[in-house]
Amino acid sequence: MSKKPAKAVKKAAVEQAPAKSVPAKKAAAKKTAVKTAAKKAAVKTVAKKAAVEKTEAPRVPGKAESHTALVRRARRINRELAEVYPYAHPELDFENPFQLLVATVLSAQTTDLRVNQTTPTLFARYPTPEDLAAANPEEVEEILRPCGFFRAKTKSVIGLSKGLVEQFGGEVPGRLEDLVKLPGVGRKTAFVVLGNAFGRPGITVDTHFQRLVRRWRWTAETEPDKIEAAVGALFPKADWTDLSHHVIWHGRRICHARKPACGACPIAPLCPAYGEGETDPEKAKKLLKYEKGGFPGQRLKPPQAYLDAGGRPAPPLGAVPGA
């Protein structure tokens, strides 16, 4: 029996193998084309999303920021906030250093608005440190009740009044080291008084200030004195008081704690935290507070510059809204 050549055997095997049908080939080609199109569409979607985000609010690069770049960005933010809030001022009503000192102590754990609605009665009855130092604590407590923690605050304001009388002749001192010796007076309170009653620069690290400087990545510190030092190093000392006003005003009006109005934020392109809040411009506008949203401010007697800019004074305690 003769053997067939190897090539002939291979050719016969190929011819006998079942060939793929034309429909099967078309289906496979179609499936491959669909996968390719899907991949291309996905790439286009990612690219389009990135382009939109870059246009709406350019983010601060995710890579480590040099100290020089941080200083430049921080100062630019302050300059732009100064244009947005040219009338920024302390939002506690006061006519002299003593009133500002007492009002600042009372503002702990409550709003400036509530303090402003309460202090007119307090200062009408106890206009000087001597008067408040000799006050009946129960009567003071009744006046301060709307401010919350009224017993502790009564103790503080009477105590600091006695300290002013006994140590400083009834006058509010203009030095940090003297102010912090008074009951209930810490660095934050002292800098509010020094910056706004004596014109001596200071950084006010309240809850708004702490929140915003961390969102902006000016510092990762959490303790007020360390935040004060870190932020202070980014700015000239002469800017500290106005910087505090700008940051605090922005925190109250736009960059809120729970739901910041990112879509209405004037410094969105400089903010690493853009997108944490509402980014839709129309929805963000509805979140604005105080004069930015057409609502009253915190002071009963605000500066004329604020009123000229469209700001509205707050209603007195007990006033009917809209009356």
Side-chain angles (χ1 to χ4, degrees), residues 57 60 65 69-92 100 104 107-108 111-113 115 186-196 199-262 264-274 276-277 284 287-293 297-299 302-303 305-306 309 311:
V60 176
E65 187 175 30
L70 171 59
V71 170
R72 288 174 177 170
R73 181 169 62 87
R75 294 186 182 185
R76 183 179 171 188
I77 286 176
N78 186 42
R79 288 196 301 271
E80 297 202 11
L81 290 181
E83 293 181 4
V84 178
Y85 310 109
Y87 44 78
H89 57 272
E91 295 195 87
L92 289 167
L100 178 58
T104 305
S107 68
T111 63
D112 287 355
L113 172 57
V115 174
R187 290 178 66 87
K188 183 193 83 171
T189 297
F191 281 131
V192 170
V193 174
L194 291 173
N196 298 290
R200 296 176 182 172
I203 294 178
T204 304
V205 185
D206 72 349
T207 56
H208 299 289
F209 195 94
Q210 292 184 48
R211 179 177 73 255
L212 267 62
V213 298
R214 286 199 293 269
R215 276 182 176 168
W216 297 336
R217 296 180 191 168
W218 289 2
T219 179
E221 299 291 351
T222 57
E223 298 178 17
D225 57 338
K226 292 183 179 180
I227 292 174
E228 175 195 321
V231 175
L234 303 177
F235 296 88
K237 189 173 182 178
D239 293 348
W240 289 356
T241 299
D242 285 340
L243 167 70
S244 300
H245 292 325
H246 299 153
V247 175
I248 293 170
W249 273 57
H250 192 60
R252 284 175 172 164
R253 285 153 177 77
I254 295 177
C255 196
H256 312 138
R258 295 184 180 178
K259 197 170 185 181
C262 295
C265 182
I267 59 166
L270 301 170
C271 181
Y274 175 83
E276 285 187 10
L287 300 174
L288 301 185
K289 298 181 179 180
Y290 304 115
E291 82 286 344
K292 291 301 176 184
Q298 303 224 0
R299 292 185 68 162
Y306 173 71

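- No donor-acceptor pair closer than 3.5 Å links the side chain of Glu228 to the backbone N or O of Ile203.
- Side-chain atoms of Arg253 do not come within 3.5 Å of backbone N or O of Leu288 as any donor-acceptor pair.
- Here the closest heavy-atom approach between residue Pro201 and residue Ala238 is recorded as CG-CA, 4.3 Å.
- Nearest approach of Ala261 to Ala284, heavy atoms of both residues: CB-O, 3.5 Å.
- Residues Pro266 and Pro269 share a closest heavy-atom pair of O-CD, 4.3 Å.
- In terms of heavy atoms, Gly297 sits closest to Leu113 at O-CD1, 4.4 Å.
- Taking the ring-ring contact (aromatic ring centres under 6.0 Å, His included) definition, one finds that His245 meets it with nothing, sequence neighbours left out.
- Judged by distance alone, with hydrogens and angles left aside, the side-chain atoms of His89 form a donor-acceptor pair with the main-chain N or O of Tyr87 at under 3.5 Å.
- Between the Arg299 side chain and the Pro90 main chain, a donor and an acceptor come within less than 3.5 Å of each other.
- Side-chain atoms of Arg211 come within 3.5 Å of backbone N or O of Gly251 as a donor-acceptor pair.
- Residues Pro260 and Arg215 meet the side-chain proximity criterion, which asks for heavy atoms closer than 4.5 Å.
- For Trp216, the ring-ring contact (aromatic ring centres under 6.0 Å, His included) test picks out Trp218, with sequence neighbours left out.
- Side chain of His246 to backbone of Asp242: a donor-acceptor contact under 3.5 angstrom is found.
- Between Gly195 and Thr241, the shortest heavy-atom contact is CA-OG1, 3.7 Å.
- With hydrogens and angles ignored, the 3.5 Å screen pairs a side-chain donor or acceptor of Arg75 with a backbone N or O of Leu234.
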Verdict with supporting geometry, Arg217 and Arg73, side-chain contact (heavy atoms from CB on, under 4.5 Å)
CA-CA 10 Å; Arg217 296 180 191 168; Arg73 181 169 62 87; 4.0 Å; yes
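- How far SG of Cys265 is from CG of Leu287: 12.5 Å, rounded to the nearest 0.5 Å.
- Note that OH of Tyr290 is 10.5 Å distant from CH2 of Trp249, once rounded to the nearest 0.5 Å.
- Checking side-chain atoms of Glu221 against main-chain N and O of Ile227 turns up no donor-acceptor pair under 3.5 Å.
- Gln210 has its side chain within reach of Pro224: a pair of non-hydrogen atoms, C-beta onward, lies under 4.5 Å apart.
- No side-chain donor from either of Tyr85 and Glu80 sits under 3.5 Å from a side-chain acceptor of the other.
- Contact of the Lys188 side chain with the Asp206 side chain is registered, since non-hydrogen atoms from C-beta on lie closer than 4.5 Å.
- In this structure, CD1 in Ile267 is found 7.0 Å from SG in Cys255, a value given to the nearest 0.5 Å.
- Within the 4.5 Å cutoff, side-chain heavy atoms of Arg252 are placed close to those of Gln298.
- Side-chain atoms of Asn196 come within 3.5 Å of backbone N or O of Val192 as a donor-acceptor pair.
- Taking CZ of Arg187 as the start and OG1 of Thr204 as the end, the distance is 11.5 Å to the nearest 0.5 Å.
- The NE2 atom of His250 sits 13.0 Å away from atom CD1 of Ile248, with the distance rounded to the nearest 0.5 Å.
- With values rounded to the nearest 0.5 angstrom, Ser244 atom OG is found 10.5 Å from Asp239 atom CG.
- Remark: Phe209 engages no residue in a ring-ring contact (aromatic ring centres under 6.0 Å, His included) (not counting sequence neighbours).
- At distances below 3.5 Å, not a single donor-acceptor pair connects side-chain atoms of Thr219 with backbone N or O atoms of Val231.
- Tyr274 and Ala268 make their closest contact through CD1-CB, 3.6 Å (heavy atoms, listed as atom of the first residue, atom of the second, distance).
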